[in-house]
Amino acid sequence: MTTAIKPAAARAVDVWKVYGHGEAQVIALRGVSVELAQGEFTAIMGPSGSGKSTLMHCLAGLDTVTRGDVYVGSTQVTKLSDSGLTKLRRDKIGFIFQQFNLLPTLTAEENILLPLSIAGRKPDKDWYQTVIKTVGLEERLSHKPTELSGGQQQRVACARSLVSRPDVIFADEPTGNLDSRSGAEVLGFLRNSVREFGQTIVMVTHDPTAASYADRVIFLADGQIVDELLSPTVDQVHDKLKSLDPHAHSGDV
Amino acid sequence: MLKATMKSLLSRKLRLTLSALAVVLGVMFVAGSLVLSSTLNKSLDSLFANIYEATDVQASHKPNLQREDGAPGQADPIQASEVDKVKGLPGVKSATGVVYSDGARLIGKNGKVVPSQARVATNWVGEDEIVKLREGRGPEADDEIAINAALASSSRYKVGDTVGVLTLQTKKEFKIVGIVGYSGNRDSIGGEHTIAFTTPAAQQLLLDKPGFFTWIDVKAADGVSKAKLKADVQAALGDTYVVKTGEELGKDQAKALEPLMNIFRNVFLGFAGVSLFVSIFLIINTFSIIVAQRTRELALMRALGAGGGQVIGSVLLEALVIGLISSVLGLVLGIGVGWLLTKLAGGDLPSAGLVVPPSAIIASFVIGVGITAVAALAPALRASRIPPIAAMRDAANTVKPLTKVTISGLVVTALGVAGLWVALAGDAGDSFWLLLGGGLLLSFIGVALLTPIISKPVVSVLGALFSWSMPGKLGRGNSARNPRRTAITAAALMIGIALVTGVSVIISSFKASISDMYNTGLNAELIIAGEQTGPVPPTFAGSVIDQAKSTPGVSSVSALYFDGAKINGENGFVYAVNDLPATAQMFNLKVSGGSLGQLQAGQLVVDEDTAKDKKLSAGGTVQIQTSRGEPVTYTVAGVFKKSTLLNGFVLPQEATKNFQATNPAIAYIKLASGAKVSEVQASIDKILADSPDVSAADVSSYVEQQTKGLDGLLTMVQILLGLAMIIAVLGVINTLALSMIERTRELGMLRAVGMSRGQMMGMVTVESVVISVFGAILGIAVGIGLGWAVIRALHDIGIKVFALPWGTVIAYLIVAAVVGVIAAFIPAIRAARTDVLRAISYE
Ligand SMILES: Nc1ncnc2c1ncn2[C@@H]1O[C@H](COP(=O)(O)OP(=O)(O)OP(=O)(O)O)[C@@H](O)[C@H]1O
Ligand SMILES: [Mg+2]
């Protein structure tokens, strides 16, 4: 299934996820196995309802799996207690959400340092400077989130996820709320952090352009991995999606 | 619209429950107070009807002094020959002379006077329709007594026991020969303790007048109406007598208690009012937060064509439903509480059944629904101004400037303080209570309006205490995040704490002032005084004075007697002393006219101010009617300068034979130089061995004894304000819980970036503690201000020391912090349980 040669930063082994019972039962994931290599930028794509978010939540230990195992590094996520999960999120995982990413009571800088202060750790000064410079937020550090644009807020969120050097960063439609220029900035920044710092990133997206920033795209349909692309281009992604979506010929994805 | 409202109402069970609970508690207090007072009134009515059930007509001398409250004052006793006169009247079946007093105290097994709600001492006149011997027999010899079952059970004495009884004379031994019960197998009629002596013993010991009675009970012969009997007895005895039927007596006495009962009820209603006032804050806050959270929903309704009126209607409807449900619950609980309190407050009063007055029902609904609607009005208006466009915008709370609130806060506070000032300055006259209450209310509202602006610096300083940890820092940030919300929540706490602190300040200042008065105004080392164990303050035998005087180490003894009096026809109060020069020395009395030498019969001294008031000077005359005997004209022998502890008319000891209490109530002892207080105190205690309800105390313990009641008062106030505090704490819980719902996403994000459950709880707890302590600080500040104003106003009556109850203040702060922790509990658990997935999933 996987062609990666680098060791896995996270991996799912025959993961099933079933919501509800009987009539209302929905099978969101049907035996998904996937390895996310270290230092790789992976995009997950697929039609709406195909199980992208569910897969990501399971990989990040935010949701329990019905069957199968999930590992982050060498830690078996599916066995962890709440405090184990908390520690995992603190030390090994970073998140970027589509919206509501920042605490309104804290400044940009405080938001960026939030995971470290929660963990009671001191930031690595050089690394912090590097991150700030890369996201281009030197001027805005003392601003409150309400004083920042959406793109700037999302860059703060990126910086926050990077600053604790997690094993994996999970991003669910990080550019979903941004215009194309701010989106491109954020995506460029994500790709740089993979290229330059060897960060592992998993991103769910609907946007073929966004996916084209990734090293690898995994396609989900109906809870199963149906295809993947390495070093994708926008057009390749577009075509793959069309072929996957039964409604694609009607025009709206 | 109706359906949408109901749905949103049901979907928010927590906020519904909490805001309803506040109203329920307030309504409960009001309904409970009304039920309690009506029930007690009815019990009292039936009690008095009961006491006089066996009385057809009762005759007694007209009292010399009519008491202000309408109760009969002390009347001169009646000669036995008058009883015989009545006996001989046609239409009279029987006429019995009754000796009645409240002055006999039984000494219990522990050597102390048995404490009683009410004491009755009388002569044994045999059984009748009500009085039934339960055991033994009535007293036949002068050293025998019968006691009622209530006294027997609380003293645990039995027939055959020999016991000590204090009367006008010092302790005497009696043998209990009978236990008396009452018809219907009752132990007492209304919780009173009764001792019955033989008639001669009662006359001697209770009236100090052998052959005299207090009143005559008359029974009509068959076929004679009570009205006819009354008229006949009145005609026979003449108009120096009051003759009343049993019903009249019962009604009169119940009526005499009415003002007291009304005060009682009004105090309760006052505290209920405070609780309701606090509830308003809670409801305003709840609805404001709800409206803020429903902004999108309401805007969507507007966008879909709902009018502003419909939006107001939707919010008010929600309030109405909450108000109605709360009223019903509050009324039901109030009836329960009223019943419970009747059991507690009514003691052994005969139960006449629970009375739920219509006023309780009406008040419950008017208040419950009214308060909720009024409190929801402002948020409803705000909701109606939500533009449809808000549906498209992010619902983030825009921070509004506080200028307007602050200015109106300043104005309202100023009005309130002005009202208080006028009320306390004593120029208010009839509108005193209106000005006081209104002033207080406006001050509280004003301060509440100022709270948002005050909250900024105070909360940030308070929060800084917790900023050493990340959760603490976040909690601090959260509490400063919405100043209005924090402010209203804290203001609700402020009210209760301000009132309690105010009362504490007044009480501690009172104590300090009284202590100061005695320290500076009294030149004596020991005080003999009684500990009050019943409605009548104890006195001690006059012989104690002479014995004390001859005790080694004693230099002089000054005994004080008190009585109500008519002075030149006006109601007043007089003292009598045994040794004026000694008294003058002990109280530092300074002559300003005449002399303060030993008083002769028919002479008195008076202070300058009272003299001026009555237009008297040395050599002038004044007519004084005491409780008993004829009015006496006194010559003013001397006038003294206003002193700290003793002012008014001071009569010679000889006048005390016509006082209600012919014995001294208090004596001051000045020691010879070199005598040791503790040694003399020990000798005096020996003299007092037969007077167990009085004791000798040094000045500081005497002051402590005298002010002990104030602590009880403080406890009462604290308990009564407890409910207001509970409501305020509910407010803290409510605000926090609603804020947690509002911040669900944020909480989820925090969990996602690694915040542990413990840290989440810590964060919420810090926010809660900051709000609570802020409320306490505000309350303490306002309370100290109020206390200070009251003490200033009381400066003229001698309360000159302003003392801060530091211990209490610190205790309140600590309690507030603890309350903050407790209030945070449920919201904190909710926050810690935040489901990360739900929080980050998009709408
Ligand atoms: N909490 C839940 N309860 C029941 N069913 C759920 C739940 N969460 C997701 N599902 C179902 O699981 C399936 C996969 O959902 P998921 O959110 O993973 O899709 P997605 O690929 O992220 O879609 P989108 O692109 O619209 O975000 C869907 O059919 C969805 O209805
Ligand atoms: Mg999704």
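Everything quoted here is computed from the prediction, not taken from an experiment. In what follows, every chain begins at residue 1, and chains take the letters A, B, ... in the order their sequences are listed.
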Nearest-0.5 Å distance, CZ of residue A/Phe170 to CZ of residue A/Arg89: 12.0 Å

Checking heavy atoms, do the side chain of A/Asp91, its backbone, both or neither come under 4.5 Å from chain B? neither

Please determine whether side chain to side chain donor-acceptor pair (under 3.5 Å) holds for the pair A/Thr54 and A/Asp63, giving the CA-CA distance in whole Å, both sets of side-chain angles, and the decisive distance to 0.1 Å. CA-CA 8 Å; A/Thr54 307; A/Asp63 206 351; over 6 Å; no

Closest non-hydrogen atom pair, A/Ala211 against A/Met45: CB-SD, 3.3 Å

Which pair of heavy atoms, one from A/Ala108 and one from A/Arg140, lies closest together, and at what distance? CB-O, 3.5 Å

What residue, out of A/Ser83, A/Pro104, A/Ala119, has the most heavy-atom pairs lying under 4.5 Å from chain B? A/Pro104

Please flag which part of B/Arg751 lies under 4.5 Å from any non-hydrogen atom of chain A: side chain, backbone, both or neither. both

So which part of A/Ser117 gets closer than 4.5 Å to some heavy atom of chain B, the side chain, the backbone, both or neither? both

With no hydrogens and no angle check, do the side chains of A/Asp207 and A/Thr209 hold a donor and an acceptor under 3.5 Å apart? yes

Tell me, for A/Leu106 versus chain B, whether the close heavy atoms (under 4.5 Å) come from the side chain, the backbone, both or neither. side chain

Using non-hydrogen atoms only, which part of A/Thr86 is less than 4.5 Å away from chain B: side chain, backbone, both, or neither? both

